[in-house]
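Following: one structure in structure tokens, then a few remarks.
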Amino acid sequence: GSSSTSSSGGNKGVGMAYDVGGRGDHSFNDSAARGLDKADKEFNLKSKELTASNGETESDREQRLDSLAGAGYNPVIAVGFTYGDAVTKIAKKYPKTTFGIVDSVVQGSNVDSMTFATEQSSYLAGVAAALKTKSGKVGFIGGVHNPLIGTFQAGFDQGVKDTKPSVQVTDQYLYETDTKGFNDPTTAQGKAQGMLDQGIDVIYSAAGLSGDGSIQAVAGKSGAWAIGVDSDQYQDPALAKYKDHILTSAIKNVDVASYDLIKSVHDGTAKTGTNNYTLANGGVSLSTTGGFLGDVQSQIDAAKQKIVSGQITVKSAP
Amino acid sequence: MDHRRGECAINASTSPPAPAPSGAPAVELRGITKRFPGVVANHDIDITVRSGTVHALVGENGAGKSTLMKILYGMQKPDEGTIAINGEQVDFHDPGDAIARGIGMVHQHFMLADNLTVLENVVLGSEKLHGIGGRARAAIREISDAYGLGVRPDALVEDLGVADRQRVEILKVLYRGARILILDEPTAVLVPQEVDALFDNLRGLKSEGLTVIFISHKLGEVLSVADEITVIRRGTTVGSADPRGTTTKQLAELMVGSELPSPETRESTVTTEPLLTVQGLRLAGTDADGIERIVLDEVGFTIHKGEVLGIAGVEGNGQAELVEAIMGMRRPDAGTVVLDGRDISRAPTRQRREDGIGYIPEDRHRHGLLLEAPLWENRILGHVTERPNSKGFLIDPGAARRDTERIVQEYDVRTPGIEVTAASLSGGNQQKLIVGREMSHLPKLLIAAHPTRGVDVGAQAQIWDQIREARREGLAVLLISADLDELIGLSDTLRVMYRGRLVADADPATITPEELGSAMTGAASGHLEHDGIEDR
Amino acid sequence: MTATATQTPPPAAPPAAGPRRGRGKLSTPVILLIVAAAIIAVAAVRAIAGANDVTSSGQIAGALSSAVPIGLAGLAGLWSERAGVVNIGLEGMMILGTFFGAWAGWQTNPWLGVLAGVIGGALGGLVHAIVTVTFGVDQIIAGVAMNILATGVTAYLAKKLFTGAAAAAKGGTPKQSPPMSDIKKFTVPGLSHWLNTIEKHHWFLVSDLAGIVGGVVTNISALTLLAVVLFAVTFFVLWRTSFGLRLRSCGENPAAAESLGVNVYTYKYVAVIISGGLAGLGGVFLAIGTHFYLAGQTGGRGYIGLAAMIFGNWRPGGLAMGAGLFGYADSLQLRNGGPSVHALLLLLAVLLVAMAAWRFYRGARLPAVISLAFAVLLIVWYVTTDTVADEVVQATPYVATLLVMGLSAQRLRMPKADGLPYRKGQGS
Amino acid sequence: MKKFDKERALLAIAAPVLAVIGALIVTALVLLATGKEPFTAFHVMINYGDKTDSQVYILNKATTYYLAGLAVAVGFRMNLFNIGVDGQYRLAAFFAAAVGGAMSIPGIIQVPLIILTAMVVGAVWAAIAGVLKVTRGVSEVISTIMLNSIAGIVIGYFLQDGRLGVLDKNANMVSTKPIPSGSHLFNFSTGGGAVDGFIVLAVVAGVLYWFGLNRTRFGFDLRAVGRSQSAAEASGVSVKRMVITSMLISGALAGLVGMPTLLNESYDYGTDFPVGIGFTGIAVALLGRNNPVGIAVGAVLWAFLDRAANGLEFEGYDQELVGVIQGVIVLAVVIAYELVRRYGLTRQQRQVGAELAAAAAHKQEVTA
Ligand SMILES: Nc1ncnc2c1ncn2[C@@H]1O[C@H](COP(=O)(O)OP(=O)(O)OP(=O)(O)O)[C@@H](O)[C@H]1O
Ligand SMILES: Nc1ncnc2c1ncn2[C@@H]1O[C@H](COP(=O)(O)OP(=O)(O)OP(=O)(O)O)[C@@H](O)[C@H]1O
Ligand SMILES: [Mg+2]
Ligand SMILES: [Mg+2]
């Protein structure tokens with residue numbers, strides 16, 4: 001028979017390949033989807049969205065990108081670092097299509113590697129935590145002990161230490177390599193509970209969906225604060241009940257990046273190479289929605305200023 | 001399957017010989033027909049059981065006795081026919097209906113849950129009578145005392161011996177206030193003394209006006225206890241007999257429709273060459289609670305070429321373990337087994353079989369066959385390393401199939417082919433296949449555990465002939481059987497096993513089943529002299 | 001494929017020779033003594049190693065909440081297996097419980113969620129009953145199929161039901177339901193605080209007891225209480241009522257039961273459906289713990305529940321102990337129990353030494369030496385390190401399961417007809 | 001006898017056909033209930049699966065599933081429920097990848113060495129459950145499930161930067177050192193992509209499986225244990241040894257499951273190595289009735305459904321629908337097989353009965 005991807009034609013719009021969870025995950029994927037929606041509205045594109053499922057193999061991911069590119073979608077945006085190898089391979093097969101990859105750096109003349117300086121936003125989270133803790137103990141919970149999450153830890157630790165050297169930071173990870181660490185709120189809840197029992201009163205979780213668990217645990221203790229990640233978790237409807245304990249969130253604006261890429265392709269000046277999204281260009285930020293940071297906002301702004309100006313360099317590995 | 005009634009009956013009177021019934025009969029079965037896939041188990045059966053009598057039902061294996069009783073007990077629905085109890089027509093959907101009508105049944109195989117107590121087994125299903133606690137316990141004690149059953153309500157059934165279990169089964173029925181008792185082969189596992197005790201109980205029940213339907217293959221018993229006898233052959237009633245004027249031989253011939261074979265074997269072929277020597281065999285088993293018990297205790301004997309050594313014993317006294325120890329299926333704690341001069345005490349089962357042990361297991365379904373496998377694969381079972389089943393490491397299906405055809409021919413296994421599964425053969429034909437398979441490898445020693453159990457008379461005779469024939473050619477046989485006539489008839493030497501020990505020996509030429517039975521219950525030991533025991 | 005190969009006890013041997021067999025049941029005082037000894041040993045280890053989290057109220061509370069779903073799964077298995085039906089499909093039924101519980105729970109209130117979860121699990125039980133009882137399919141295979149089916153169906157339904165406008169606005173995603181409210185939690189007012197104070201002192205034994213009791217009287221969910229009640233109810237119903245006797249008889253000897261007018265199919269159906277309902281409850285408990293349904297949330301607890309049931313010798317008391325043990329191990333992992341597990345190494349070593357002594361006394365030289373060797377290895381490990389790797393902590397529940405099963409499996413006694421398909425009129 | 005065999009063949013086909021039809025009906029009902037029209041969905045699935053690149057995808061996936069199915073089936077054939085294939089293949093692939101990445105010798109030696117490592121590791125891991133069962137009476141169902149979790153944790157321990165893992169900073173991925181390109185397995189290029197060369201070894205494994213089980217003494221013993229443990233024991237098979245041996249074989253086969261991925265696709269074991277194939281293997285073995293050809297059909301069917309999930313999603317259906325279909329098929333298959341088996345047995349008994357009746361009638365005529 002014919003090939004399922006042979007029906008290539010003119011530009012049809014954007015091809016999105018989401019990570020597990022896909023559109024509607026109130027997090028990472030949704031953030032990318034917001035960028036797409038914004039661009040859609042603006043440029044009136046028709047796009048196709050596909051989603052990964054659990055337990056996939058490399059070939060599943062390749063096939064997904066292949067089918068999008070083959071069907072003529074441009075750009076094709078792969079959301080999540082698991083797509084790294086697949087993008088490397090498929091981008092070579094479709095040199096005329098622009099590929100985007102989030103959270104990973106892929107070589108290729110037609111690839112836009114979108115990385116986020118999450119250590120910078122985490123640094124600000126560390127500043128906030130150091131200023132808000134009463135017990136002098138703060139904690140960090142990472143979903144999986146990999147370099148990506150390491151940037152969060154590094155920034156947070158540095159932010160705390162630079163602000164108040166006396167504050168003690170406890171760093172813990174849910175799993176060393178198992179990616180279920182991003183999907184296991186029960187474990188995160190247990191870890192957070194353990195931290196709270198030790199007297200820690202501000203907990204920053206960079207653990208995807210698992211973070212919901214630690215936020216819940218924190219909400220069970222009066223006076224304790226949780227710091228969210230990726231999206232503004234204060235506004236997450238799933239966490240509405242606990243939002244009084246969500247001090248702030250270190251936001252990763254994937255929507256900014258995905259919109260940038262779509263716009264650039266639409267404008268005929270396709271973005272390629274590694275594009276780092278930072279505090280400076282609005283790619284990452286610290287949310288203020290709850291208004292709990294009011295009393296320390298000035299110090300946070302000052303820290304931000306120093307980072308943007310280059311006065312402070314935030315380490316990206318702990 | 002249309003048999004002309006009474007075609008060869010000596011006493012083919014279809015009307016009961018006993019006095020006319022007073023009031024309605026306890027049970028009337030009319031035109032009962034029951035078909036199973038491929039078999040008509042019951043065909044147009046008519047039976048009348050008068051109230052307050054012991055009514056015996058006899059017939060060959062597979063004649064349809066159990067099926068008929070299950071129908072009466074509501075466990076199976078007849079395809080045709082009617083049942084009347086005490087003159088009233090009934091329609092049973094399940095045993096509960098029958099129980100409500102005052103019918104109780106003791107099944108051919110025990111229907112007891114081992115891991116439950118006697119009390120729990122008894123009250124099960126009839127909890128409404130006296131609850132499941134103290135009142136029930138009192139009621140059980142009362143019944144037990146009234147009939148001298150000696151049942152302990154809080155004992156676990158698994159701790160009971162067969163005779164005790166049998167009494168629990170009877171108590172179960174009495175507890176429900178049954179007025180009509182069905183006993184399906186209650187004596188098969190009992191020694192003669194226990195049978196006598198049971199019959200005393202039955203007579204007691206009868207005197208209280210209860211009705212008993214009694215099934216047995218032991219015709220002597222039937223004649224001694226029954227008031228009336230109905231004979232069934234191939235699913236139909238072929239006649240009835242008056243126990244007072246009938247001999248066992250006549251009854252048997254009525255059952256079978258031909259002459260009764262006998263296991264007698266008198267010309268001795270025993271040589272002086274020992275073939276199997278077992279010495280000091282000891283085996284301690286650990287049960288589920290980690291408590292050790294001695295299963296085999298210093299068992300030793302020798303079987304010579306051409307000799308049949310029979311072992312008598314009530315089931316569960318270590319015979320099965322002895323066989324398994326000789327087969328290498330269980331490691332004894334001490335002792336040696338020497339086969340034809342070679343010490344095989346530590347050899348695995350496979351090697352023992354290769355060395356020339358043939359094995360007819362006690363439970364053919366558990367140890368003799370792969371029920372779901374075709375006949376030719378069953379022919380390979382146990383002899384996979386031997387010709388014609390395999391060449392080197394490879395199976396030779398062609399040769400195995402051909403040899404299976406041969407066995408089916410020579411041993412008269414009734415089957416449409418060798419590709420059908422073993423499960424679809426009747427018990428007797430399964431047994432013939434096993435005997436054929438084991439004999440095909442020319443064993444030096446044959447271990448035959450209940451070789452004719454559940455096998456009909458024709459096949460029985462054939463199996464006996466095969467054992468005799470091989471014995472003449474120097475085969476040594478270890479025979480274990482609950483059928484004392486078979487045991488006495490076939491053996492050259494007899495030993496009695498009791499609680500893991502060989503406690504007595506006897507000369508099969510002179511011993512009677514009763515004498516053997518008393519040794520089996522532990523009442524006698526040493527060398528059993530025919531006269532000595534009779535005098536006691 | 002026919003029935004599973006199960007270990008049948010050897011044929012009954014004459015009861016005469018050897019000592020009269022006891023039933024091996026431990027009397028209540030003996031059990032209490034063992035529990036007391038265990039607590040003292042743990043307290044000692046805690047004090048020596050300074051691993052205070054070993055008996056902290058947080059650890060105990062965590063253990064309790066981990067133990068409940070495992071215990072409920074085990075209880076579910078108990079019902080079904082006592083009636084003779086092996087239920088590997090517990091995991092699937094738990095998944096149904098999490099899904100339906102959360103689905104009803106977020107829209108109404110958590111108690112209706114509990115009801116829906118129980119019904120969802122019971123539906124799974126019904127399917128399992130149809131497949132195994134009516135169609136007589138091998139029970140393990142049917143259970144595996146049930147797990148595959150439950151995973152597939154809930155994934156599909158979650159996508160359908162949790163991403164609609166209303167659900168999405170409340171936080172529903174394809175893998176997660178919108179949150180539901182909490183179920184009532186109880187704390188014994190004065191006691192809890194007082195115990196907490198004592199616990200803080202880390203006194204030998206006193207603080208340990210305070211921690212253990214404190215964990216049990218602080219913030220206990222109504223569902224946990226319900227689970228405890230269900231254990232008692234199960235024991236009462238199965239061992240003290242005629243219904244229970246009939247049900248158990250179906251697991252021991254269905255032919256006998258049927259011959260006495262017990263409708264075996266009915267009882268098996270009832271048992272398996274109740275089993276599904278209990279597994280569903282275990283699932284809802286998880287969902288309510290996180291406040292939402294989450295794909296893959298059960299994480300094999302159905303299987304661990306089954307192991308706890310086997311460990312408990314198919315009895316509620318033993319099962320509760322098994323579930324407690326696994327819950328404790330699970331809680332260690334959740335709470336970063338490196339130091340705790342490290343301390344427990346010492347305890348294990350002490351136990352091994354004791355076992356070696358006992359075996360030596362019983363004349364089993366080789367096993368004694370092996371036990372001793374392992375004890376020495378553990379002590380070396382203990383002395384040369386301060387904590388254990390995270391992975392060791394993570395593996396603790398599973399390794400503990402294997403160890404405990406390995407040490408106890410041979411003494412266990414499953415219902416005799418467990419796992420064997422039964423067909424009406426099969427008794428002969 | 002000829003006619004007999006034909007009917008048997010018909011019966012053999014009846015079960016899977018029945019099951020697939022049943023599954024289609026249930027799926028159609030599910031679609032209707034959720035307001036979608038089922039026939040278009042089926043059409044999409046079939047159409048999509050028919051494309052060349054889909055076929056390559058299906059073949060490659062099926063290769064892996066097939067090996068997993070075989071591994072599970074070996075245990076099933078003797079009533080041993082090796083639920084642990086999942087852990088076995090992951091651990092095996094991991095250590096094989098580590099060994100493969102650690103050296104650089106000619107592929108002709110290295111590739112077999114990698115495969116051998118995988119088989120040994122899988123076998124050893126499976127043997128733990130076998131030994132526990134034989135010596136301590138621990139049900140393999142429970143122990144293999146525990147060992148699955150432990151395998152994941154062991155991998156997690158070693159798959160860390162500085163242990164056996166290497167960190168790719170850009171990709172945020174830890175994986176073993178890649179296997180040198182000289183030791184990549186060959187593959188077959190087609191218009192729709194490359195078909196894994198390992199498919200050849202999978203076919204060989206299937207043939208060996210068939211031959212070993214049906215033509216050798218060992219295979220006979222193994223099947224005997226599966227049909228009746230007690231009868232096998234009495235026939236001279238050491239059931240304990242057989243349990244351990246078959247766990248070893250099952251584990252060794254499980255070791256192969258990760259090889260197509262490792263040697264033909266990823267060339268290393270990273271955090272993204274596929275998981276859960278062991279459980280798919282159970283389903284595939286059930287579908288294929290432990291028969292080597294049946295397992296192949298089951299594997300292809302499963303892979304086809306996986307592929308169809310992509311197609312469905314592309315056309316705007318929920319890909320999760322496929323999970324429902326898969327679940328229903330497995331359940332339907334086990335029921336259908338049981339029904340067909342019973343029907344076959346009854347039929348056979350009827351034949352035996354008829355034969356006996358005929359023989360009896362004949363005898364009577366002669367004697368009369
Ligand atoms: N459930 C069943 N399905 C099929 N056939 C059966 C069934 N039960 C009994 N049969 C067949 O019906 C016939 C009568 O069996 P039944 O058990 O009634 O014989 P019986 O007279 O009690 O024999 P025995 O003396 O061996 O107990 C036999 O051919 C038996 O194989
Ligand atoms: N419960 C049953 N279900 C199906 N078929 C049965 C059943 N019981 C017996 N049969 C069939 O009936 C036939 C004879 O079996 P049965 O075992 O009753 O014979 P038997 O001569 O009485 O031997 P045995 O002593 O082994 O009971 C066989 O075809 C058997 O498959
Ligand atoms: Mg019979
Ligand atoms: Mg009978």
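Naming: A, B, ... by sequence-line order, numbering from 1 per chain.
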Could you tell me which of [options] has the largest number of non-hydrogen atom pairs under 4.5 Å with chain D?
options                            : value
P348(B), P361(B), G368(B), P397(B) : P397(B)
L369(B), V384(B), N389(B)          : V384(B)
M327(B), H383(B), R353(B), K391(B) : R353(B)

Counting only non-hydrogen atoms closer than 4.5 Å, does [X] touch chain D with its backbone (N, CA, C, O), its side chain (CB onward), both, or neither?
X       : value
N429(B) : side chain
Y359(B) : side chain
Q351(B) : neither
T421(B) : both

[X] [atom1]: over 12 foreign heavy atoms closer than 6.0 Å:
X       : atom1 : result
R342(B) : CZ    : no
R342(D) : CZ    : yes
R346(B) : CZ    : no

Counting heavy-atom pairs under 4.5 Å with chain B, which one of G344(D), S238(D), G236(D), A224(D) comes out on top?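 Winner by heavy-atom pair count: G236(D).
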Euclidean distance, S235(D) OG relative to I380(B) CD1, rounded to 0.5 Å: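 Spacing of CD1 (I380(B)) from OG (S235(D)) equals 11.0 Å.
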Distance, nearest 0.5 Å, that separates CZ of R341(D) from CD of E372(B):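 With rounding to 0.5 Å, CZ (R341(D)) is 4.5 Å from CD (E372(B)).
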Can you tell which part of V237(D) gets under 4.5 Å to a heavy atom of chain B, answering side chain, backbone, both or neither?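 For V237(D), heavy atoms of backbone and side chain both lie under 4.5 Å from chain B.
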So, are D221(D) and R350(B) salt-bridged, with charged N and O less than 4.0 Å apart? yes
Shortest non-hydrogen pair, S228(D) vs H365(B), comes out as OG-O, 4.5 Å
Over all heavy atoms of both residues, which pair between T216(D) and I395(B) is shortest? Give the atoms and the distance, please.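 Minimum heavy-atom separation between T216(D) and I395(B): O-CG1, 3.3 Å.
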So, the side chain of S230(D) versus the backbone of R366(B): is there a donor-acceptor pair under 3.5 Å, distance only? yes
Close side-chain approach of L371(B) and R227(D), heavy atoms under 4.5 Å: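 No; the side chains remain at least 4.5 Å from each other.
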